[in-house]
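Whatever order the structure lists ligands and atoms in, that order sets their numbers, starting from 1.
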Amino acid sequence: MSAATTGTGIDGALRARLAAHVRDVPDFPKVGVVFKDITPLLADARAFRECVDALAAPWRTQGIDAICAIEARGFIFGAALARALDTGFVPLRKPGKLPATTLGADFELEYGSARLEVHADALAPGARVLIIDDVLATGGTLVAARQLIERLGAGIAGAAVVVELAFLHGRARWPADVPLNALIRY
Ligand code: AMP
């Protein structure tokens with residue numbers, strides 16, 4: 001399947017350059033899943049820089065207070081984005097990793113079930129948060145992230161991913177009135 005060429009707010013040449021650095025790995029982590037491997041994109045200085053710049057562009061004047069990023073690959077883009085937007089960084093982690101008091105949310109993945117946790121004091125009430133992950137698949141991860149952030153009393157300004165697997169319709173689980181940006185859609 002090829003990368004979509006319209007509809008995500010970046011130009012086609014940039015999208016094609018980024019997509020050229022996302023590798024399909026069939027049957028990982030289990031048979032039937034085509035894993036979108038972003039490590040070639042990370043390894044290429046220009047592609048990584050252009051990716052982070054494109055993720056940041058819609059948010060530069062939006063008063064974002066914190067990036068909430070999802071373990072593990074979301075951390076890579078999220079930390080770079082927090083620097084680009086001069087915001088704080090809040091990790092949404094796998095169970096048992098955060099040392100202080102946490103809130104948690106369970107959800108289903110394309111290839112199994114999972115749980116995300118956040119420190120109970122990680123966000124100030126009313127903070128404007130941008131959620132970051134590498135790939136949007138069925139949408140369960142972003143929904144869990146949104147629930148956790150709302151339970152902390154913060155507000156969701158939007159979400160951004162590098163890759164959206166549009167054929168899995170994860171976007172349908174995201175509120176239509178909250179921006180969800182994807183640089184590359186398949
Ligand atoms: P989902 O909750 O189904 O939207 O899944 C999104 C999460 O699972 C993200 O954190 C992705 O890193 C990971 N993920 C799910 N499917 C894939 C895939 N085909 N390739 C790479 N990562 C994936």
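A heavy-atom distance below 4.5 Å is found between the side chains of Thr138 and Arg173. At least one side-chain heavy atom of Gln62 sits less than 4.5 Å from a side-chain heavy atom of Arg128.
Of all atoms in ligand 1, numbered sequentially from 1 with element shown, those under 4.0 Å from a heavy atom of Leu165 are 19 (N). Each of the following atoms of ligand 1 lies closer than 4.0 Å to a heavy atom of Asp134: 9 (C), 10 (O), 11 (C), 12 (O). Numbered from 1 in the order shown, with element, the atoms of ligand 1 that lie under 4.0 Å from a heavy atom of Val34 read 18 (C), 19 (N). Taking every heavy atom of Lys36 and a limit of under 4.0 angstrom, the matching atoms of ligand 1 come to 18 (C), 20 (N), 21 (C). Taking every non-hydrogen atom of Arg73 and a distance limit under 4.0 Å, the qualifying atoms of ligand 1 come out as 11 (C), 12 (O), 13 (C), 22 (N). Every atom of ligand 1 with a heavy atom of Thr141 under 4.0 Å away is listed here by number and element: 1 (P), 2 (O), 5 (O), 6 (C), 7 (C).
For Ala145 against Ile70, the heavy-atom pair with the smallest separation is CB-CD1, 4.0 Å.
Atoms CD1 and CD, on Ile156 and Gln147 in that order, are 10.0 Å from each other to the nearest 0.5 Å. The structure places CG of Leu152 at 5.5 Å from CG of Leu123, a figure rounded to the nearest 0.5 Å.
Considering backbone and side-chain atoms together, Leu136 places no N or O closer than 3.5 Å to any N or O of ligand 1. Checked by distance only, ligand 1 and Gly140 come closer than 3.5 Å through their nitrogen or oxygen atoms.
Ligand 1 has Gly139 within reach: a non-hydrogen atom of the residue lies less than 4.0 Å from it.
Counting only residues at least two apart or in different chains, salt bridge (charged side-chain N to carboxylate O under 4.0 Å, His left out) contacts with residues 54-67 are absent.
Among residues two or more places apart in sequence or in another chain, the ring-ring contact (aromatic ring centres under 6.0 Å, His included) test is passed with Phe107 by none.
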